[in-house]
J.: 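First the structure, then my questions, so here it is.
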Amino acid sequence: MSSLDLQRVARRAGASALIATAVFAGASTAATRGTRPASGGAAMAATVKTAGTLTRPSTQRKLGVRMLRQGLHGTDVTILQGYLTIAGYPTSVDGDFGPATATSVADFKQAHAMTPANGVAGANFIKALESAISAYESDVPTATTTINPDGTATAPAGAPDAVVAAITAANQIIDTSYCVGGGHGKWNSSCYDCSGSASYVLHGAGLLSSSEDSTGLETYGQPGPGKWISIYSDPSHAFIVIGGRAFDTADYGGPNIPSGTGPRWRSNPLGNLADGGNYVVRHPPGL
């Protein structure tokens with residue numbers, strides 16, 4: 001196991017407690033990447049896991065009662081921040097409408113051609129955001145990738161060709177080891193690092209022409225989780241989730257088959273978020 005992965009394992013126990021914190025309790029793991037905020041791994045995990053709760057009618061009625069703007073606090077602000085994070089605009093979920101939340105609101109407006117593209121969340125904005133969340137919820141496949149006894153994986157029935165190709169590519173490197181820079185100098189290697197293995201998978205699916213490091217993957221494709229493929233990346237680590245299973249060099253959720261330190265399939269798609277990293281989630285267009 002690499003020194004980076006060992007550090008993550010050492011932090012797992014403390015970070016896991018944060019993952020269990022409900023969105024409505026205002027879990028906050030704020031981080032700053034330049035002037036653009038990114039939610040911490042624990043906040044991202046909590047938000048995604050409570051997506052069903054956030055879209056219940058009783059929860060939705062808490063939004064739209066008042067216009068939300070910078071300086072306000074409350075449960076409706078917390079729900080707004082959770083929605084923004086799920087929609088692909090990572091926001092610290094803390095119930096405090098600060099500059100970072102205003103930036104996410106403005107970014108969402110700009111991406112959806114809403115005017116004025118400012119940081120104020122009015123009725124039309126809330127309606128558009130709720131529609132985006134409902135679309136994401138209804139578009140998530142019910143079937144998941146199967147991890148086989150030999151450590152390979154099989155795509156669920158009906159998966160697009162690109163998804164099948166990505167899984168096939170991942171299966172080709174499950175017996176490799178971990179090494180810094182592996183998979184970046186050349187596609188075929190005896191060892192891969194985190195972003196090198198994610199890049200290999202995307203390349204095998206025809207979705208990436210040249211390998212990217214973890215920072216580069218932060219801007220890959222489109223924002224937010226995908227229907228089939230999601231890439232989680234921060235400046236120090238990256239992993240990819242395909243059909244509800246993670247392909248990762250860090251062992252969060254196993255099984256670690258075959259044993260070793262390289263990229264392997266993991267049952268828990270969001271287990272690696274326990275390391276407390278400041279992950280941005282992206283997806284290939286259309287997937």
Side-chain angles (χ1 to χ4, degrees), residues 5 8 19 38-52 85-88 90 136-137 139-148 151-156 158-160 162-171 173-174 192-205 207-208 212 214 216-234 237-257 262-287:
D5 288 342
R8 286 196 164 85
I19 289 183
S39 68
M44 178 72 79
T47 302
V48 173
K49 287 174 70 174
T50 56
T85 299
I86 295 171
Y136 166 68
E137 285 270 292
D139 207 28
V140 175
T142 55
T144 58
T145 295
T146 300
I147 302 178
N148 303 313
T152 62
T154 302
V163 173
V164 175
I167 291 173
T168 299
N171 287 340
I173 60 173
I174 63 168
Y192 292 85
D193 65 12
C194 58
S195 55
S197 58
S199 293
Y200 182 93
V201 169
L202 292 170
H203 177 70
L207 301 172
L208 186 67
E212 298 278 0
S214 58
L217 289 173
E218 289 183 273
T219 56
Y220 169 83
Q222 295 180 337
K227 176 179 180 179
W228 290 98
I229 300 176
S230 300
I231 300 97
Y232 293 81
S233 187
D234 73 4
H237 189 57
F239 64 98
I240 187 168
V241 175
I242 308 173
R245 303 297 185 195
F247 189 67
D248 195 354
T249 55
D251 186 0
Y252 285 89
N256 196 53
I257 302 172
R264 306 288 189 268
W265 288 104
R266 317 294 183 186
S267 298
N268 187 344
L270 299 181
N272 201 157
L273 297 182
D275 71 359
N278 302 311
Y279 290 98
V280 171
V281 58
R282 310 284 296 187
H283 69 275
L287 295 171

J.: Determine the interplanar angle of the Tyr232 and Phe239 rings, folded into 0 to 90°, and report it as parallel if under 30°, tilted if 30 to 60°, perpendicular if over 60°.
T.: parallel
J.: CG/Asp248 to CG/Asn268 distance, rounded to the nearest 0.5 angstrom?
T.: 10.5 Å
J.: Would you please name every residue forming a side-chain contact (heavy atoms from CB on, under 4.5 Å) with Ala162, sequence neighbours left out?
T.: Leu287
J.: Give, for atom NE2 of His237 and atom CG of Asn278, the distance between the pair rounded to the nearest 0.5 Å.
T.: 13.0 Å
J.: With distance as the sole test, does Thr145 use its side chain to make a donor-acceptor pair with the main-chain N or O of Gly244 at under 3.5 Å?
T.: no
J.: Just to verify, what does Arg266 make a salt bridge (charged side-chain N to carboxylate O under 4.0 Å, His left out) with, not counting sequence neighbours?
T.: Asp251
J.: Are the side chain of Arg282 and the backbone N or O of Gly221 linked by a donor-acceptor pair below 3.5 Å?
T.: yes
J.: Kindly give the heavy-atom pair with the smallest separation between Ala198 and Leu217, and that separation in Å.
T.: CB-CD1, 4.2 Å
J.: Quick one: list whatever passes side chain to side chain donor-acceptor pair (under 3.5 Å) with Tyr192, sequence neighbours left out.
T.: none
J.: Only distances under 3.5 Å count here; give the side-chain donor-acceptor pairs of residues 222-231 to other protein atoms, sequence neighbours excluded, each with its distance to 0.1 Å.
T.:
residue: Gln222; atom: OE1; partner: His283; partner atom: NE2; Å: 3.4
residue: Ser230; atom: OG; partner: Gly226; partner atom: N; Å: 2.9

J.: How close do Gly204 and Ala165 get, counting heavy atoms only, and between which atoms?
T.: O-CB, 3.8 Å
J.: Might you point out which heavy atoms bring Ala153 and Ile167 nearest each other, and give the distance in Å?
T.: O-CG2, 3.4 Å
J.: What is the distance from atom CG of Leu202 to atom CD1 of Ile242, rounded to the nearest 0.5 Å?
T.: 7.5 Å
J.: Would a distance-only check, ignoring hydrogens and angles, find a side-chain to backbone donor-acceptor pair under 3.5 Å from Ser214 to Ser233?
T.: no
J.: With rounding to the nearest 0.5 Å, note down the distance linking CD1 in Ile147 to OG in Ser267.
T.: 4.0 Å
J.: Is there side-chain contact between Tyr220 and Pro284, with at least one heavy-atom pair below 4.5 Å?
T.: yes
J.: When rounded to the nearest 0.5 angstrom, what is the spacing between OG in Ser197 and CD1 in Ile240?
T.: 8.5 Å
J.: Nearest 0.5 angstrom please: Arg264 CZ to Ile173 CD1, how far?
T.: 9.0 Å
J.: Do Asp193 and Thr249 have side chains that approach each other closer than 4.5 Å (heavy atoms only, starting at C-beta)?
T.: no
J.: Please identify each residue that fulfils side chain to side chain donor-acceptor pair (under 3.5 Å) with Thr154, with sequence neighbours left out.
T.: Asn148
J.: With a 4.5 Å heavy-atom cut-off, do Phe247 and Ile174 have their side chains touching?
T.: yes
J.: Search all heavy atoms of Trp265 against all heavy atoms of Gly151 and return the closest pair with its distance.
T.: CD1-O, 3.2 Å
J.: What residues, two or more places apart in sequence or in another chain, satisfy side-chain contact (heavy atoms from CB on, under 4.5 Å) together with Thr144?
T.: Arg245
